[in-house]
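Here is the structure we will look at, set down as structure tokens.
None of these values were measured; they are calculated from a predicted model.
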Amino acid sequence: MSFIRKVQYILLLVVPAAFIGCVSSHPDTPKANTSALAQQSSKPTAAAYQGLKRKVAIARFSNETEYAKGAFYDKNNDPLGKQAVDILSTRLTSSGKFILLERADAELIEKELKYSGQSEAAQKVGADYLIIGSVTQFGRKNTGETGIFTQTKRQIVQAGVSIRLVDVSTGEIIYAEEGLGEAETEASTVLGFGGQAGYDATLSDKAISAAISQLVENVINKCMDNPWKSYILSYDADGMIIAGGAKQGVKPGNVFQVYQRGKKVKNPQTGMNMELPGKQIGTVTVQSTGGSTATNEYSYVQYAGTPIDSSKLSDYEIRGK
């Protein structure tokens, strides 16, 4: 067979392939996550969380890289930081185990209240845990392979995210770790036919999401390890009212422990103030709940145990799991 005939024969085999799926353009998640997603899709949906919810606030998420830091860079409007906050907020909320308190845009909320004619500033709710995060690594790279008739181009984005979880009641960092994530997209062409590997803006979301995915389960577990806490709002002849209601997972019939808080002392070893362990003095049983938001929720409870000093309600704490 002559050389020309060989070339014609090869073209007859290759050219149709250019029109039948020769293009491969796909974003990838880390391989470890791909199999996990496949397994989840084959399993029945897990039941919604029915326990007590913790209150969590994301204090800030800064961009510690040089990405997008040009002459007009505004650290208060950093795109990477906002991406990370949005992704982490979504993941925590979807677990059903938290009431997420807004902190990043608190000033905007207060301004909106004033515009709407409400003179009072936004009422702030204390968080149980505070999350402080930063994007520590971010980079893009392009790779490619060229064959006799084919060409493949690949975009890869890598991101590193660091998270610290602070217990607000003690000021202690109870968890700190960094996660790394990667996402990529690929396009192939055969004899000039096929997709073009243009700039894919969604890859940064996917890479940051992959990095946060490595950390979010640990964040959830650390928050849920410690007991749910509440406080006495009122205690008199009419009965006892504690903070927290249905939005936090409190239900009629729930039984919680009442603790008298320990003394606050200064630890000479660390120079920090600390609270000594308290002691359980009784229990409360939830009779009914009221309120509509985390700001104004409450529960009527029946108390049994050692008499409580109604003039020092801040000395007591309600705990539950």
Side-chain angles (χ1 to χ4, degrees), residues 29-30 33 37 40 45-46 48-49 51-65 67-68 74-113 122-138 157 159-168 173-181 183 201-226 228 244 247-249 292-295 297:
T29 54
N33 293 339
L37 290 173
Q40 290 175 7
T45 303
Y49 176 73
L52 298 169
K53 298 182 180 182
R54 277 58 169 174
K55 300 187 297 297
V56 176
I58 302 176
R60 65 169 174 81
F61 224 110
S62 60
N63 175 12
E64 301 301 327
T65 73
Y67 181 79
D74 179 6
K75 68 178 181 180
N76 295 318
N77 193 30
D78 182 83
L80 279 188
K82 286 188 174 294
Q83 279 178 308
V85 169
D86 292 343
I87 292 168
L88 181 57
S89 298
T90 301
R91 296 295 301 276
L92 293 177
T93 302
S94 65
S95 72
K97 297 180 179 181
F98 302 100
I99 293 177
L100 208 60
L101 306 176
E102 183 59 68
R103 290 292 183 266
D105 295 322
E107 292 183 3
L108 297 178
I109 294 173
E110 290 191 9
K111 286 181 181 179
E112 192 61 32
L113 283 173
Q123 186 172 358
K124 295 180 175 63
V125 182
D128 300 317
Y129 301 98
L130 203 62
I131 295 176
I132 302 171
S134 58
V135 180
T136 56
Q137 298 180 41
F138 190 85
V157 173
V161 170
S162 176
I163 285 179
R164 286 179 289 166
L165 182 66
V166 179
D167 186 333
V168 174
I173 298 175
I174 60 175
Y175 172 72
E177 193 173 351
E178 184 174 17
L180 299 175
T202 67
L203 288 182
S204 59
D205 282 344
K206 294 182 176 72
I208 292 173
S209 180
I212 289 176
S213 295
Q214 298 178 15
L215 308 177
V216 71
E217 195 65 32
N218 288 338
V219 170
I220 292 173
N221 291 337
K222 285 292 183 181
C223 290
M224 302 306 292
D225 281 347
N226 292 331
W228 175 83
K247 293 285 185 182
Q248 293 186 43
S292 57
T293 68
T295 302
E297 278 192 328

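- Here the closest heavy-atom approach between residue Ala211 and residue Ala159 is recorded as CB-O, 3.9 Å.
- The structure places CG of Asp128 at 4.0 Å from NZ of Lys55, a figure rounded to the nearest 0.5 Å.
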Worksheet item: Is there a side-chain contact (heavy atoms from CB on, under 4.5 Å) between Arg54 and Lys97 once you walk through the steps?
Response: CA-CA 7 Å; Arg54 277 58 169 174; Lys97 297 180 179 181; over 6 Å; no

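- How far CG of Leu88 is from CD1 of Ile131: 5.0 Å, rounded to the nearest 0.5 Å.
- Taking the side chain as every heavy atom from C-beta outward, Tyr175 and Leu215 approach each other to under 4.5 Å.
- A 4.5 Å side-chain heavy-atom check between Glu178 and Gln137 finds at least one atom pair inside the cut-off.
- Tyr129 is not listed as a side-chain neighbour of Lys222, based on a closest heavy-atom distance of 4.5 Å or more.
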Worksheet item: Between Ser213 and Arg91, is a side-chain hydrogen bond (donor to acceptor under 3.5 Å, both in side chains) present by the stated rule, with each step listed?
Response: CA-CA 8 Å; Ser213 295; Arg91 296 295 301 276; 2.7 Å; yes

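- Between Gly181 and Ala210, the shortest heavy-atom distance links the atoms CA-CB, 3.8 Å.
- In this structure, the side chains of Ile174 and Asp225 stay at 4.5 Å or more apart for every pair of heavy atoms.
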Worksheet item: Do Leu165 and Cys223 pass the side-chain contact (heavy atoms from CB on, under 4.5 Å) test, and can you show the C-alpha distance, the side-chain angles, and the key distance before you say yes or no?
Response: CA-CA 9 Å; Leu165 182 66; Cys223 290; 3.7 Å; yes

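- Considering CD1 of Ile173 and CD1 of Ile163, their distance stands at 13.0 Å, rounded to 0.5 Å.
- How far CD of Glu64 is from CZ of Phe138: 15.0 Å, rounded to the nearest 0.5 Å.
- Looking only at side-chain heavy atoms (C-beta outward), Ser209 and Asp205 stay at 4.5 Å or farther from each other.
- Closest of all the heavy-atom pairs between Gln83 and Ser204 is NE2-OG, 3.1 Å.
- For the atom pair OG1 (Thr93) and CD1 (Ile99), the distance works out to 10.5 Å, reported to the nearest 0.5 Å.
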Worksheet entry | Evaluation steps, side-chain contact (heavy atoms from CB on, under 4.5 Å), between Gln248 and Leu52 | CA-CA 6 Å; Gln248 293 186 43; Leu52 298 169; 5.8 Å; no

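- Of all the heavy atoms in Val161 and Phe61, the pair that sits closest is CG1-CZ, 3.5 Å.
- Between Lys53 and Gly96 the shortest heavy-atom distance is CE-O, 3.1 Å.
- With contacts defined as side-chain heavy-atom distances shorter than 4.5 Å, the pair Ile132/Arg60 qualifies.
- Considering every non-hydrogen atom in both Leu180 and Gly160, the closest pair reads CD2-CA, 3.7 Å.
- Side chain of Ser95 to backbone of Leu92: a donor-acceptor contact under 3.5 angstrom is found.
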